[in-house]
Each structure stands twice: as C-alpha cells, then as structure tokens.
There are 2 protein chains.
Amino acid sequence: MDDRKVLFEELGTIGLTTDEFENLIKGYQKITIKKGDLLIKSGTVVKGYYFVISGFLRSFIIDFEGNEVTTNFYGKDALILEGHSFFMQIPTKEDIQAVEDCELWVKKLETFNKDFNLYKEYRDWGRSRLASDFFSLKERTLSMITDKASSRYKKLIKNNPEIIKKASLKHIASFLGITDTSLSRIRKEIS
Amino acid sequence: MDDRKVLFEELGTIGLTTDEFENLIKGYQKITIKKGDLLIKSGTVVKGYYFVISGFLRSFIIDFEGNEVTTNFYGKDALILEGHSFFMQIPTKEDIQAVEDCELWVKKLETFNKDFNLYKEYRDWGRSRLASDFFSLKERTLSMITDKASSRYKKLIKNNPEIIKKASLKHIASFLGITDTSLSRIRKEIS
DNA sequence: GTATTTTCTTGTCTTATGACAAGAATAAGA
DNA sequence: TCTTATTCTTGTCATAAGACAAGAAAATAC
C-alpha cells in the first residue's frame with residue numbers, strides 16, 4: 001500500500017471520489033526490471049504507460065549513423081508515455097532502458113481507455129500531462145536553438161541534478177546534442 | 001458551406017453520425033486576420049484552437065537576448081493548438097502572427113470542453129492530434145541534434161516546400177536554429 | 001514612380017564544437 | 001583480487017557556424 005503513495009500524489013488530487021479513485025488504481029500493475037533491460041523496445045507497439053516508483057531510466061533512438069541518441073531521462077515519479085505508439089498502436093522508434101533496477105506501475109491500454117471514457121477528471125489529468133510534456137519538449141528544443149552547449153549543461157545541473165548524478169557522461173552528452181569529448185571539456189571548464 | 005470542407009476532411013472521418021458531426025461543426029466560428037497581425041499574443045491566455053482555412057502563419061518567441069525565434073509555421077489545413085495555455089488556461093509565451101491574410105476556424109474552450117466530454121470519437125481525434133504533434137516536435141528536436149544545418153534545410157525543402165516559398169529567410173533561419181547569414185550561404189551552396 | 005525601409009548576400013575573421021587518437025580512471029567480471 | 005572492459009580525459013587539428021559590417025536587391029510606403 002505504501003507504493004501507492006506515488007500514484008496517490010498524482011492521481012489522488014484530481015477530484016475523484018474515493019470509490020472512483022480506488023477503481024482507477026486497480027488498473028495499475030506493478031512490475032520490476034533490472035538494470036540494462038529494455039522497458040520498451042523499438043519496433044514494438046507500446047502496450048502501456050508507466051509510472052516510475054523507483055529507479056532511473058533513459059529513452060534513446062539509434063540515428064542514421066548507428067549512434068545512440070538519448071532523448072530523455074525518467075526518475076522517481078516520472079510518467080513514461082510514448083503517446084505516438086501507445087495511442088495510435090503503431091511501432092515505436094524509441095527504446096527505453098533501465099539505467100538502474102526499477103519498479104514501475106503499468107497502465108495497459110484497455111483499462112486506460114475504459115477509465116479515460118469513464119472519468120472526466122482522469123481525462124483532464126491526461127490532457128494536462130500531455131500538454132505539459134509537450135511544453136517541456138518545446139523548451140528543450142528552444143534551448144537547443146538559443147543556448148550554447150555549456151548553458152544547456154548548466155541548466156541541466158540546476159533543473160535536473162538527478163540526471164547529472166545517475167546518467168553517464170556519454171548519455172548526458174547526446175541528450176544535450178554534443179559529443180562526450182565536448183561535455184568532458186565543459187565539465188572541466190566549469191569546475 | 002464550401003469552407004467546411006477543410007473541417008470535413010479532418011473531422012468528417014472520425015466516426016460521428018451526421019447529426020453529431022453537424023452539432024460539432026456548429027462550435028466553430030470563422031475569423032479573418034490581416035497580414036502582420038497577431039492571432040495569439042504572448043502574455044495572454046489562449047481562448048481557442050484554430051484551423052487554417054487559408055493563409056500562412058508562424059509562431060515565435062522572444063529569447064533572453066530579445067531575438068525572435070520562429071518556432072513553427074502553419075499553412076492551409078494546419079491545426080494551431082497552444083495546448084499548454086489553452087488547456088491549463090495560463091498565459092502563453094508564444095506569439096502567433098499572420099504572414100499573409102488568413103481565414104481560420106476557431107473552436108473556443110467552452111464548446112471544446114462540451115464536445116470533448118460528449119463524443120468519444122472527438123476525444124480520440126484530439127488525443128491523436130496531440131500525440132502526432134508531439135511526435136513531430138520530437139523529430140524536429142532530434143534533427144537539431146543529429147543533422148547539420150544544411151541537412152535540416154534540405155529536409156525542409158523536401159517535406160515542407162510551402163515554408164520555403166512563403167516564409168522569409170530570416171524566419172526560416174531561426175526556425176532551423178542558425179543565423180540568416182548562414183542560411184544565405186547554405187542556399188548558395190545548394191544552388 | 002521615387003524614396004525609404006527591409007531583406008538578402010557576401011567578405012573577413014573568430015569561436016565553438018567535432019573527429020580522431022591515446023592514455024587514465026573507473027567499473028565490471030571471473 | 002586480478003583482469004578486462006567501459007567510461008572519461010586530454011591533445012592536436014579540422015570545420016561548421018557566428019559576429020560584424022557593407023553593399024545589393026527587393027518590398028513597401030508615400
């Protein structure tokens with residue numbers, strides 16, 4: 001029951017009655033994956049969305065030259081929603097990998113659809129989440145355009161210290177759109 | 001009635017009955033704006049989403065140094081949805097400006113919410129649109145990371161020739177994340 | 001249709017970042 | 001614990017893109 005706290009914090013405040021909330025919560029299943037394992041494999045259809053209970057993950061794609069490009073990081077309480085694949089039920093191009101051992105809640109498509117159509121509050125919550133993830137991505141894209149690499153790195157230190165602590169230099173570098181060599185030099189420069 | 005064709009193509013195929021469709025369509029109002037005018041002003045709360053019937057628009061933000069950075073372009077049939085502001089009803093940071101005289105359909109929040117809760121099909125459509133816009137932005141961000149400026153420009157020529165035709169060099173340049181000087185040289189290089 | 005403003009091109013020089021490679025440090029495996 | 005693999009640092013050199021400035025071309029206004 002303790003683990004439900006994470007969900008409770010997010011979903012317990014959207015305005016559902018206790019019964020509705022309990023019913024909604026039933027649709028979540030707990031899973032664990034080991035460090036290095038893939039939660040989502042590129043080429044497959046994503047079957048659920050996920051809440052991170054504990055652990056740390058990253059998403060990446062393989063670019064045309066065969067290099068891994070890290071597209072995002074997911075720590076405690078993060079929502080992992082690969083909407084394009086999940087909603088349209090088409091294969092995803094991204095892989096999502098556990099950087100540490102992880103515990104997650106899964107919500108599968110069928111129960112998601114059922115609850116989505118059942119509860120207005122859940123719909124509003126989902127819409128907000130999507131809109132705010134969209135907004136974050138916009139900010140990131142803008143930062144790629146207007147900031148130089150060292151500023152992007154400094155922002156990451158300030159806003160996402162967990163990433164700096166848990167992700168490897170190589171993964172952070174490709175997330176920032178630079179080489180690991182450059183990031184190493186930026187680190188030296190800053191310290 | 002002719003102008004409804006645009007909407008029809010998008011919304012007429014989502015599985016509503018004729019009556020439901022007619023009712024949905026009623027929620028749209030037609031507006032026009034003149035070249036140079038702002039459809040959405042930064043600092044205000046977005047009151048609707050828009051379908052472009054005719055014309056051409058661009059969205060931009062002002063960065064910390066006071067420069068305009070073009071964030072998107074919208075041609076015929078495009079959906080203009082500033083979700084973060086529209087759904088959360090908070091002020092937006094973006095401006096959206098008519099590059100040419102434009103005609104648009106507006107759907108205001110109240111009718112949107114009514115119809116969203118009324119029709120499952122409309123909900124599914126909205127979710128798909130949001131997910132696919134999200135996906136496009138992801139691709140754009142990835143392109144900023146993995147492609148050099150000339151490749152990004154070539155992709156734009158191939159995938160969005162309308163932008164090349166209608167937008168100014170300066171706006172295209174900031175959209176691609178480069179200076180107008182650089183884009184001018186890339187154009188010379190290519191031709 | 002001329003004047004004025006805006007947009008685009010081109011030149012020179014600077015700078016941030018990449019490519020490649022070799023060694024150091026750290027982590028993982030046996 | 002020792003060995004091997006991985007990650008990180010550092011050096012040298014190459015290159016894409018920016019900064020600044022001046023002129024050409026095009027669009028807009030009067």
Side-chain angles (χ1 to χ4, degrees), chain A residues 34-37 55-56 58 60 62-70 73 97-101 140-157 163-191, chain B residues 34-37 55-56 58 60 62-70 73 97-101 140-157 163-191:
Chain A
K34 289 236 170 295
K35 174 174 178 175
D37 287 354
F56 192 72
R58 71 175 185 118
F60 65 91
I62 312 288
D63 77 6
F64 56 98
E65 280 175 332
N67 306 309
E68 281 184 10
V69 180
T70 297
F73 296 102
Q97 184 183 41
V99 174
E100 308 175 334
D101 291 355
R140 170 158 140 72
T141 311
L142 194 64
S143 178
M144 294 295 309
I145 289 175
T146 59
D147 302 333
K148 48 187 52 173
S150 59
S151 310
R152 298 203 295 277
Y153 182 63
K154 282 174 194 159
K155 280 188 183 175
L156 203 63
I157 293 176
I163 294 177
I164 308 294
K165 250 186 292 171
K166 296 192 169 175
S168 73
L169 177 138
K170 193 172 59 172
H171 295 157
I172 295 171
S174 76
F175 180 70
L176 293 174
I178 55 177
T179 57
D180 47 353
T181 312
S182 282
L183 181 52
S184 180
R185 290 196 171 109
I186 287 169
R187 280 189 168 172
K188 190 185 178 184
E189 185 73 20
I190 286 173
S191 65
Chain B
K34 291 234 169 294
K35 175 174 177 173
D37 287 354
F56 192 73
R58 72 175 185 115
F60 64 91
I62 313 287
D63 76 7
F64 56 99
E65 279 175 335
N67 306 308
E68 283 185 8
V69 180
T70 297
F73 296 103
Q97 185 184 40
V99 173
E100 308 174 336
D101 292 355
R140 171 159 140 71
T141 311
L142 194 64
S143 178
M144 295 295 308
I145 290 175
T146 59
D147 302 333
K148 47 188 51 174
S150 60
S151 310
R152 299 203 293 276
Y153 182 62
K154 283 175 193 160
K155 280 188 182 175
L156 204 61
I157 294 176
I163 294 176
I164 308 294
K165 253 187 291 176
K166 297 192 168 174
S168 72
L169 178 137
K170 194 173 59 173
H171 295 157
I172 296 171
S174 77
F175 180 70
L176 292 174
I178 55 177
T179 58
D180 46 355
T181 312
S182 282
L183 181 52
S184 181
R185 292 194 169 112
I186 287 169
R187 280 189 168 171
K188 191 185 178 186
E189 186 73 22
I190 285 175
S191 66

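Chain naming here is simple, since letters A, B, ... match the order of the sequence lines and numbering starts at 1 in each.
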statement: In terms of heavy-atom contacts, Ala149(A) and Ile186(A) come closest through CB-CD1, 3.7 Å
- request: Within residues 144-155 of chain A, find the residues that approach DNA chain D with a heavy atom at under 4.0 Å, and present them sorted by residue number.
  value: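 Within this stretch, nothing sits under 4.0 Å of the strand.
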What is the distance, to the nearest angstrom, from the [atom1] atom on [X] to the [atom2] atom on [N]?
X         : N       : atom1 : atom2 : value
Leu176(B) : dG18(D) : CG    : P     : 11 Å
Glu65(A)  : dG18(C) : CD    : P     : 13 Å
Asp63(B)  : dG18(D) : CG    : P     : 13 Å
Ile164(A) : dC8(D)  : CD1   : C1'   : 15 Å
Ile178(A) : dC8(D)  : CD1   : P     : 13 Å
Glu189(A) : dA16(C) : CD    : C1'   : 11 Å

- request: Look at Thr179(A) and dT17(C) and indicate whether a side-chain polar atom (N or O) is within less than 4.0 Å of OP1 or OP2.
  value: no
message: Could you check whether any side-chain heavy atom of Ile145(A) comes within less than 4.5 Å of a side-chain heavy atom of Asp63(B), counting everything from C-beta outward?
response: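 Side chain of Ile145(A) against side chain of Asp63(B), heavy atoms only: no contact under 4.5 Å found.
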message: Less than 4.5 Å apart, side chain to side chain, heavy atoms only: is that true for Lys155(A) and Ser143(A)?
response: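 They are in contact (side-chain heavy atoms under 4.5 Å apart), so the answer is yes.
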task: Determine the contact category for Gly36(A): base if any of its heavy atoms lies under 4.0 Å from a base atom, sugar-phosphate if only primed atoms, P, OP1 or OP2 are that close, otherwise nothing.
output: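 Here Gly36(A) touches no strand at all.
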Counting only N and O atoms by type, is there a donor-acceptor contact under 3.5 Å from the side chain of [X] to the main-chain atoms of [Y]?
X         : Y         : result
Gln97(B)  : Gly36(B)  : yes
Asp101(B) : Lys35(B)  : yes
Arg152(B) : Asp147(B) : yes
Ser174(B) : Thr70(B)  : yes

message: Among residues at least two apart in sequence or on other chains, which ones pass ring-ring contact (aromatic ring centres under 6.0 Å, His included) with Phe175(B)?
response: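 Listed in chain order: Phe73(B).
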task: Compare the minimum distances between each of dC8(C), dC8(D), dG18(D) and the side chain of Lys170(B), then state the nucleotide with the smallest one.
output: dC8(C)
If you measure from [atom1] on [X] to [atom2] on [Y], what distance do you get to the nearest 0.5 Å?
X         : Y         : atom1 : atom2 : result
Glu68(B)  : Ile62(B)  : CD    : CD1   : 4.5 Å
Lys166(B) : His171(B) : NZ    : NE2   : 15.5 Å
Arg140(A) : Leu156(A) : CZ    : CG    : 9.5 Å
Leu183(A) : Lys188(A) : CG    : NZ    : 13.5 Å

- request: Let me have DNA chain C in dot-bracket notation, would you? Count Watson-Crick plus G-U wobble pairs, both distances under 3.5 Å, and use [ ] for pairs crossing earlier ones and | for inter-strand partners.
  value: ||||||||||||||||||||||||||||||
N/O to N/O distances under 3.5 Å, protein versus nucleotides 9-12 of chain D:
unit_1	atom_1	unit_2	atom_2	d
dT9(D)	OP2	Ser184(A)	OG	2.9
dT9(D)	O5'	Ser184(A)	OG	3.2
dG11(D)	N7	Arg185(A)	NH2	2.4
dG11(D)	O6	Arg185(A)	NH2	3.1
dT12(D)	O4	Arg185(A)	NH2	3.3

message: Quick one, Tyr153(A) with Ile178(A), criterion side chain to side chain contact (heavy atoms under 4.5 Å, CB included). Give me CA distance, side-chain angles, the key distance, then yes/no.
response: CA-CA 10 Å; Tyr153(A) 182 63; Ile178(A) 55 177; over 6 Å; no
statement: Contact string for nucleotides 23-30 of chain C, one letter per nucleotide 5' to 3', B = base within protein heavy-atom range under 4.0 Å, S = sugar-phosphate only, - = neither, reads -----S--
field: Which residues share a side-chain contact (heavy atoms from CB on, under 4.5 Å) with Ser184(A), sequence neighbours left out
entry: Leu169(A)
